[in-house]
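I have placed the structure first, in the form of structure tokens, so that the comments after it can refer back to it.
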Amino acid sequence: MNQAPFFQTIYVLTRKIPKGKVATYGQLARLAGNPNAARAVGACMRINPDAPRTPCHRVVAADGSLTGYSAAGGITKKKAMLLSEGVSFDGDRVDLSRSGWQVEV
DNA sequence: AAACTGACTTCTC
DNA sequence: GGAGAAGCCAGTT
């Protein structure tokens, strides 16, 4: 893989997101060691070399809104997948209070 | 090496 | 509550 080390870090974190939960870009950025690198995280998702291995659909915006997702169906499909996993939705936004990924407490 | 771009985040109006 | 602007990071060209 030609992906940069930072990207791989994001991919690993993304794969660590438990089923039925979602993480925000800022959250992954924080776990990666850069709380302000949310954009870099988004870049990783955009590239997403291992789509089936990297559940980018489990990554949402800071307020739980679904953004991006170049795949077919776009946000709509993404929402459907999350619903399929048991993620709680509030309209078009994910209910982070219930389905937000709690890394460690 | 410099500049541009981007699936972000937060503030202010 | 919705819209706009600024700031942040890393990767790619």
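Throughout, protein chains are lettered first and strands after them, A, B, ... in sequence-line order, and every chain is numbered starting at 1.
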Could you go over nucleotides 8-10 of chain C and give all protein N or O partners under 3.5 Å, atom names and distances?
unit_1: C:dC8; atom_1: N3; unit_2: A:Arg39; atom_2: NH1; d: 3.0
unit_1: C:dC8; atom_1: N4; unit_2: A:Arg39; atom_2: NH1; d: 3.1
unit_1: C:dC9; atom_1: O4'; unit_2: A:Asn36; atom_2: O; d: 3.4

Review item, side-chain donor-acceptor pairs of residues 12-23 of chain A, under 3.5 Å, at least two apart:
unit_1: A:Thr14; atom_1: OG1; unit_2: A:Ile10; atom_2: O; d: 2.7

Using whole Å, report how far CE of A:Met81 lies from P of B:dA7.
-> 18 Å
Kindly state each residue pair satisfying salt bridge (Lys or Arg N to Asp or Glu O under 4.0 Å) with at least one member in residues 74-84 of chain A, sequence neighbours excluded.
-> A:Lys79-A:Asp92
Non-hydrogen side-chain atoms of A:Thr67 and A:Val60 separated by less than 4.5 Å | no
Which part of the nucleic acid, if any, lies within reach of A:Cys44 when heavy atoms closer than 4.0 Å are counted: base, sugar-phosphate only, or nothing?
-> nothing
Residues that A:Ala43 engages under side chain to side chain contact (heavy atoms under 4.5 Å, CB included), provided they are two or more places apart | A:Phe7
What's in the same ILVMFWY side-chain cluster as A:Tyr69, cut-off under 4.5 Å, chained through other members?
-> A:Met81
Could you go over nucleotides 10-13 of chain B and give all protein N or O partners under 3.5 Å, atom names and distances?
none

Please work out which residues in residues 12-33 of chain A have a non-hydrogen atom less than 4.0 Å from an atom of DNA chain C and list them by number.
-> none
Go through the structure and list residues passing salt bridge (Lys or Arg N to Asp or Glu O under 4.0 Å) with A:Arg98, not counting sequence neighbours.
-> A:Asp95
Tell me, which pairs form a salt bridge (Lys or Arg N to Asp or Glu O under 4.0 Å) where one or both residues lie in residues 28-45 of chain A, sequence neighbours left out?
-> none
Can you list the residues that meet the side chain to side chain contact (heavy atoms under 4.5 Å, CB included) rule with A:Ala40, with sequence neighbours excluded?
-> A:Phe6, A:Ala37
Indicate if A:Leu96 and A:Val87 have the same hydrophobic cluster label, given that clusters are the connected sets of ILVMFWY residues with side-chain heavy-atom separations under 4.5 angstrom.
-> yes
To the nearest Å, give me how far apart CG (A:Asp63) and P (C:dG1) are.
-> 12 Å
Give the rounded distance in Å between these two atoms: CZ of A:Arg46 and C1' of B:dT5.
-> 8 Å
For the hydrophobic clusters of this structure (ILVMFWY residues joined by side-chain heavy atoms under 4.5 Å, transitively), does one cluster hold both A:Val41 and A:Leu66?
-> no
Rounded to whole angstrom units, what separation is found between the CD1 atom of A:Ile10 and the P atom of B:dA7?
-> 16 Å
Mind checking what makes salt bridge (Lys or Arg N to Asp or Glu O under 4.0 Å) contact with A:Asp63, not counting sequence neighbours?
-> A:Arg93
